[in-house]
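Report on the following structure.
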Amino acid sequence: MKNKSRFILIAFCFYAFAKAYSQQSPASLLTKQEAIAQMLENNYGVRIAENQKLIAENNKGILNSGYLPTVNGTAGANYEQTDTEVDFGGALNQDGSVRDNVNIQDAETRRYNAAINVNYTLFDGLGRLYNYKRLKELYNLSELQARQTIETNALQLMSVYLEVARIRENVQVLEQALDISLKREQRAQYQFDYGQVNKLEVLNARVDINTDSINLLNAQQQLRNAKRDLNLIMQRDIETSFAVDTTVTLLNELEIVSFIEEASENNVRLLQADRNVIVSEYDIKTARSLMLPRIGLTGSYGWNQTDNPASAFFPSTTNLSTSLQLGANLTWDIFDGGTSITNYRNAQIRFKNEELLKKQIGDEVKRDIANARGNYNNALRIYQMQEQNLITNQNNFTRTEERYKLGQVSSVEFRQAQVNLLNAQTTKNLAKYDAKLAELQLLQLTGQLLNVEL
């Protein structure tokens with residue numbers, strides 16, 4: 001009786017710990033949409049991608065287009081101090097007297113100037129136009145790159161979210177298994193006390209309780225770890241408590257087919273390849289524009305002032321002048337050593353490479369979609385089969401439990417039916433979330449991951 005009391009206490013502690021973990025104050029529900037919203041707001045990779053898009057937006061602005069004139073101002077000041085001595089060599093003044101030598105000390109000369117210069121390129125072989133369009137395409141490309149980053153992180157987040165949901169359901173299944181094993185041990189103990197079964201039945205029940213308790217503790221630890229992983233992706237405190245939505249809704253076949261048919265217009269890799277081809281085409285036109293003449297306009301307005309000291313012959317003076325200049329210039333690199341021709345030819349080759357890369361990506365995307373579609377259909381069939389398998393095992397367990405209570409089957413047979421049911425439940429959970437994950441992977445490839453309710 002002493003050993004019996006000790007085991008019951010240990011089993012109760014296992015059970016109480018499991019219940020305490022699962023029945024602690026309920027955490028707030030974290031929906032899939034809320035998880036994605038937090039990821040978009042906090043994830044480092046997404047924030048970096050958004051900043052790169054802002055840089056591209058600045059680059060495509062009018063201030064970086066080359067269409068605006070350049071204006072620069074210059075100003076200067078100069079100070080000069082001189083000592084002058086003039087020897088007239090005995091020259092006579094008008095009255096016949098000898099002219100005195102002149103000695104001027106610390107004579108100061110000041111000069112001031114300021115100017116504003118304006119330069120404007122009137123024609124540059126349309127290079128500015130093509131470069132401006134190229135920068136706009138680079139901005140569009142940066143938007144697609146940001147979208148790809150968001151899709152990748154969203155898929156990663158949903159993968160971990162579904163894993164948390166799967167483990168949470170497994171924990172519930174294992175809690176039920178432990179509860180069944182505890183009741184079975186209690187029944188076996190009563191039967192043993194009244195001499196209906198031998199001690200082996202009680203020991204077997206206790207072994208199964210230990211096994212179920214350990215499995216439950218491991219699952220609970222896996223759940224805590226998975227929640228930390230999800231918190232990390234959302235870039236928040238990893239110990240933040242939350243509950244997840246275990247509801248899984250799969251899209252209907254018609255929606256999947258329509259998404260696949262429109263994949264060529266929505267797949268982010270294909271869209272990026274299109275943009276890269278356009279950018280390369282503008283590179284060709286920009287390189288060709290360097291072979292054409294350039295026409296520019298210039299203008300300047302200047303102001304100059306000079307303060308001259310008195311000299312032997314003149315009094316101090318101030319000279320003030322202003323000037324306005326307008327001009328036009330024509331520049332044409334008739335031959336620059338072949339650099340422009342080489343750049344033009346290389347741009348054409350790069351354009352051909354981008355077209356080849358676009359075709360390669362197109363073939364890869366078709367393959368990936370076909371594989372993802374096959375994986376999804378396979379996962380869906382497995383899920384449907386596991387649902388039927390679970391129904392079969394539930395019926396088998398219910399019948400076995402009834403017969404066990406009547407003493408028509410042994411505890412070993414009962415335990416086997418319980419294990420079969422446990423495996424069927426966890427396997428069905430795995431198949432359910434595998435099917436949803438396969439659907440999400442297919443949605444990413446068709447470019448619809450961010451357009452449907454997950």
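In this text the structure is predicted, and so the values were computed from the model without any measurement.
Looking only at distances, a side-chain donor or acceptor of Thr149 sits under 3.5 Å from a matching main-chain atom of Gln145. Remark: side-chain polar atoms of Asp333 are not paired, donor with acceptor, to backbone N or O of Phe335 under 3.5 angstrom. Formation of a donor-acceptor pair under 3.5 Å by the Tyr433 side chain with backbone atoms of Thr246 is found in this model. Panel note: side chain Thr342, backbone Gly338; a donor-acceptor pair is recorded below 3.5 Å. Side chain of Asn231 to main chain of Thr240: a donor-acceptor pair is present (N/O by atom type, distance under 3.5 Å, no hydrogens or angles). Using a distance-only test at 3.5 Å, with no hydrogens or angles considered, a donor-acceptor pair links the side chain of Ser65 to the main chain of Tyr67. Here the side chain of Asn266 pairs no donor or acceptor atom with the backbone of Gly447 at under 3.5 angstrom. At least one donor-acceptor pair closer than 3.5 Å links the side chain of Gln418 to the backbone N or O of Ala177. The closest donor-acceptor contact from the side chain of Tyr376 to the backbone of Gln441 lies at 3.5 Å or more, if one exists at all. Although no hydrogens or angles enter the test, the distance criterion places a donor-acceptor pair under 3.5 Å between the side chain of Asn215 and the main chain of Thr211.
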For this session: Go through the steps for Asn252 and Ile256 under the test side-chain contact (heavy atoms from CB on, under 4.5 Å), then give the verdict.
Result: CA-CA 7 Å; Asn252 63 59; Ile256 295 294; over 6 Å; no
Practice task
Quick one: do Leu157 and Ile36 satisfy side-chain contact (heavy atoms from CB on, under 4.5 Å)? Show the steps, please.
Solution key: CA-CA 7 Å; Leu157 177 133; Ile36 291 177; 3.8 Å; yes
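Counting all heavy atoms, side chain and backbone alike, Tyr383 lies closest to Lys432 at CE1-CB, 3.4 Å. Smallest separation of non-hydrogen atoms from Ala347 and Ala287: CB-CB, 4.5 Å. Across every non-hydrogen atom of Pro69 and Val118, the tightest pair is CB-CG1, 4.3 Å.
Lys32 forms no cation-pi arrangement with Tyr161, by the criterion of a distance under 6.0 Å to the ring centre and an angle within 45° of the ring axis. Cation-pi geometry between Arg128 and Tyr120 is met: under 6.0 angstrom from the ring centre, within 45 degrees of the axis. Under the 6.0 Å distance and 45° angle rule, Lys133 does not count as a cation-pi partner of Tyr282. Because its NZ or CZ atom is both nearer than 6.0 Å to the ring centre of Phe242 and within 45° of the ring axis, Lys227 counts as a cation-pi partner of that residue.
Ionic pairing of Asp124 and Arg294 is not present here: no N-O contact between side-chain nitrogen and carboxylate oxygen is shorter than 4.0 angstrom. Between Glu355 and Lys359 there is no salt bridge, since none of the side-chain N atoms of the basic residue sits less than 4.0 Å from a carboxylate O of the acidic one. Ion pairing between a basic and an acidic side chain is recognised when a charged N comes within 4.0 Å of a carboxylate O; Glu439 and Lys436 show such pairing. By the 4.0 Å N-to-carboxylate-O rule, Arg373 lies close enough to Glu253 to be salt-bridged with it. Under the 4.0 Å criterion applied to side-chain N and carboxylate O atoms, Arg228 and Glu239 are assigned as salt-bridge partners. The existence of a salt bridge linking Asp274 and Lys358 is confirmed by a sub-4.0 Å separation between a basic side-chain nitrogen and an acidic carboxylate oxygen. One finds no salt bridge joining Glu402 and Lys405 here, because no Lys/Arg side-chain nitrogen approaches an Asp/Glu carboxylate oxygen to under 4.0 Å.
Heavy atoms from other residues, nucleotides or ligands lying under 6.0 Å from CH2 of Trp332 number 12 at most. Applying the 6.0 Å contact sphere to CD of Glu453 captures no more than 12 heavy atoms from other residues, nucleotides or ligands.
A donor-acceptor pair shorter than 3.5 Å can be found between the side chains of Gln272 and Gln148. In this structure, a donor-acceptor pair under 3.5 Å is present between the side chains of Asn225 and Gln221. Inspection of the Asn451 and Gln448 side chains reveals an N or O donor paired with an N or O acceptor under 3.5 Å. Looking only at atom types and distance, the side chain of Asp212 has a donor-acceptor partner in the side chain of Ser181 under 3.5 Å away. For the residue pair Asn58 and Asn64, no side-chain donor N or O sits within less than 3.5 Å of a side-chain acceptor on the partner.
Taking Gln416 as the reference, Asn420 meet the side chain to side chain donor-acceptor pair (under 3.5 Å) condition, with sequence neighbours excluded.
Between atom CG of residue Asn267 and atom OG1 of residue Thr446 there is a gap of 8.0 Å, rounded to the nearest 0.5 Å.
The closest side-chain heavy-atom distance from Arg184 to Tyr404 is below 4.5 Å. Using a 4.5 Å heavy-atom cutoff, the side chains of Ile369 and Leu442 are in contact.
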